[in-house]
Protein chains: 2
Amino acid sequence: MDLPGQVNCETCRIRSCAVEVLDQQELDILKTNCAGAVYARNERIFQQGSLTSNIAYVKTGLVKIHKNGPSKDQILKLVKPPRFIGIPTVLGDRINNYSATALLPTTVCFIVTSTFKTLIMRNGRFANEVINSICQDELTFYDRSINQMQKQIHGRLADALLFLADEIFEADSFDLPLSQSDLGDYIHATRESVTRTLGRLKADGLIQVKGKNIKLTEKDMLRKISKLG
Amino acid sequence: MDLPGQVNCETCRIRSCAVEVLDQQELDILKTNCAGAVYARNERIFQQGSLTSNIAYVKTGLVKIHKNGPSKDQILKLVKPPRFIGIPTVLGDRINNYSATALLPTTVCFIVTSTFKTLIMRNGRFANEVINSICQDELTFYDRSINQMQKQIHGRLADALLFLADEIFEADSFDLPLSQSDLGDYIHATRESVTRTLGRLKADGLIQVKGKNIKLTEKDMLRKISKLG
DNA sequence: ACAGAACTATGATCTATATCACAAAAGACG
DNA sequence: CGTCTTTTGTGATATAGATCATAGTTCTGT
């Protein structure tokens, strides 16, 4: 983790919708209670179970949110910046309920939790934007959960690939930012099943694979697979 | 649905933490934009896909939040009052992203969405309480998701029974508020599997079943099953 | 009280995907 | 450059739980 330290929220070009609505005085409060950090691929941003007094704002890169389950670690979601993560630590206990790890080189701003709370209390529009953002996340996660539960592995993998292409990279060709084992944790499958299913999609000509690079050549077909489960 | 209509938020004894922090003027705003309703068992409170301009506050009873998946309806969570439901409709589109159905006779207050938003904007403490509540829900749902995914059916059923006993009824003996088919939608299993697994728990002497009534006689053992999956 | 619907019970079979076992390939690093 | 670790590929086997089929039971409305 590299620490650029001091940041300037006023001139920051990757501000969240929430920060957009702050006034000058509030930006000053934020600025003096905010520190930047840079993470390399696979570096842990925060760890489940650890005490914290910060909320993280992911500015660039890609982050996985993951949590220990009864039998293994599971990736709850992939977070594309810009996005706040770890907001639930505003709750009393201040213990991270999940881990966050960079999947690509990632820049993060840490905001002191009490400052975040102060801004919520002071500025209703800020609070409103935060609520919107959490609600959006909530709905997305509901959908993802249902899909994970009800689709079988082909559909879940197709979903993941389409998500990476459409939402994360906005390109039909991209380098997989996760190992197949991670991908398994994300779509709830074993590494072996991921390998086999990827192989199947490749054999059927729906995707091209060159090392880490994946190219979705038949997105319509992938979407159909995603639909049918 | 029976409509008591006019409610008085000032004297309401089942106020949320959020409403607790409102001042007199805000309570007046709330009161004039709030209507009560009573639902019978299995009555729909709101329907996924329908347009709405209200947020619901469940005062008493028990509610299931459920949503259509690719292959079937799934119960996302059981909501024990008091609790707001449907907050995500504060997002632009105002379309319910899931359904809510009463599992027991249930009383609900509907709050006009714009009023809810006004209160968030006006009163930072209200906003803060709302955020706390959503965050709490979020964490609970993460845990539930991971458990659903990683545990097998015995563990999932044990979880559900312990949840009903400990969180909902606060008693080791209770009448199942869901059919076995619903229970299947809740723990992601078929009705047949629920029947068999319940039968198994009964045969093993961990629970007693008399019609709809269930009595957890070996909670420690159930907890062990829940842990081991 | 009775007919129709909804719910519960249980056995027989099938299947998607986990597990296990091993090997090859690709990265990491002294 | 070679060793060590991590990642990927692939077959053989096992299994939890779905699906199918059939009946009995309880609820609901008239």
Side-chain angles (χ1 to χ4, degrees), chain A residues 40-43 69-75 101 103 147-161 175-204 207-214 225 228-229, chain B residues 40-43 64 69-75 101 103-104 147-161 175-204 207-214 225 228-229:
Chain A
R41 202 165 185 285
N42 289 322
E43 224 179 338
S71 61
K72 59 173 185 169
D73 206 64
Q74 184 157 330
I75 298 180
T101 303
L103 292 176
N147 284 334
Q148 292 296 306
M149 299 283 230
Q150 297 191 11
K151 288 180 186 176
Q152 55 195 63
I153 199 166
H154 289 84
R156 302 202 302 270
L157 183 59
D159 276 353
L161 294 176
D175 287 345
L176 253 191
L178 311 90
S179 68
Q180 290 187 11
S181 169
D182 266 351
L183 200 46
D185 293 342
Y186 182 54
I187 66 171
H188 196 250
T190 58
R191 197 224 84 227
E192 294 93 319
S193 294
V194 171
T195 302
R196 271 186 257 269
T197 310
L198 269 177
R200 181 72 196 286
L201 292 178
K202 191 176 159 191
D204 292 352
I207 62 173
Q208 281 170 22
V209 182
K210 277 199 200 96
K212 280 272 166 203
N213 184 269
I214 294 212
I225 290 175
L228 298 179
Chain B
R41 202 165 185 284
N42 290 322
E43 224 179 337
K64 69 171 174 182
S71 62
K72 60 174 186 168
D73 207 64
Q74 184 157 329
I75 298 180
T101 303
L103 291 176
L104 295 173
N147 284 335
Q148 292 296 305
M149 299 283 231
Q150 296 190 12
K151 286 180 186 175
Q152 55 196 61
I153 198 165
H154 290 83
R156 302 202 303 270
L157 183 58
D159 276 353
L161 294 176
D175 287 345
L176 252 192
L178 312 88
S179 67
Q180 290 188 11
S181 168
D182 266 351
L183 199 47
D185 293 342
Y186 181 54
I187 66 171
H188 197 249
T190 57
R191 201 222 79 232
E192 294 93 320
S193 295
V194 171
T195 302
R196 270 185 260 269
T197 310
L198 269 178
R200 182 71 196 285
L201 292 179
K202 191 178 158 190
D204 292 352
I207 62 174
Q208 280 170 22
V209 182
K210 277 201 198 96
K212 280 272 164 204
N213 185 268
I214 294 211
I225 290 176
L228 299 179

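Letters go in sequence order (proteins before strands), and every chain restarts at 1.
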Requested in this report: Indicate the atoms forming the closest heavy-atom contact of A/R156 with A/A189, along with that distance.
Outcome: NH2-CB, 4.0 Å
Query raised in the report: What closest approach, in Å, do B/T197 and B/H154 show between heavy atoms, and which atom pair accounts for it?
Result: CG2-CD2, 3.7 Å
Query raised in the report: Which heavy atom in B/N147 sits nearest to a heavy atom in A/P70, and how many Å separate them?
Result: OD1-CG, 3.7 Å
Query raised in the report: Can you check whether B/T190 has a side-chain N or O nearer than 4.0 Å to OP1 or OP2 of D/dG17?
Result: no
Requested in this report: To the nearest 0.5 angstrom, please state how far the CG atom of B/L103 sits from the CZ atom of B/R41.
Outcome: 7.0 Å
Query raised in the report: Closer to the 5' end of DNA chain D via nearest nucleotide, is it B/V194 or B/R41?
Result: B/V194
Report summary line: Per-nucleotide protein contact along nucleotides 6-11 of chain D, 5' to 3', at a 4.0 Å heavy-atom cut-off (B base, S sugar-phosphate only, - neither), is --BBBB
Report task. Decide yes or no for A/M149 and A/H188: does some side-chain heavy atom of the first lie under 4.5 Å from some side-chain heavy atom of the second? Result -> no
**Report entry** Over 12 non-hydrogen atoms of neighbours within 6.0 angstrom of NZ in A/K202
**Finding:** no
Query - Sequence-distant partners of A/N42, side-chain hydrogen bond (donor to acceptor under 3.5 Å, both in side chains), two or more places apart - result: none
**Report entry** Positions of residues 149-159 of chain A (non-hydrogen atom under 4.0 Å from DNA chain C), listed by number
**Finding:** A/Q152, A/I153
Requested in this report: Give the first and the last nucleotide of DNA chain C, reading 5' to 3', that has any atom under 4.0 Å from a heavy atom of chain A.
Outcome: C/dA16 to C/dC20
Query - Partners passing side-chain hydrogen bond (donor to acceptor under 3.5 Å, both in side chains) against A/S193 (at least two apart in sequence or in another chain) - result: A/T190
Query - side-chain hydrogen bond (donor to acceptor under 3.5 Å, both in side chains) partners of A/R200, counting only residues at least two apart - result: A/D204
Query raised in the report: So how far is it from B/K64 NZ to B/L178 CG, rounded to the nearest 0.5 Å?
Result: 7.0 Å
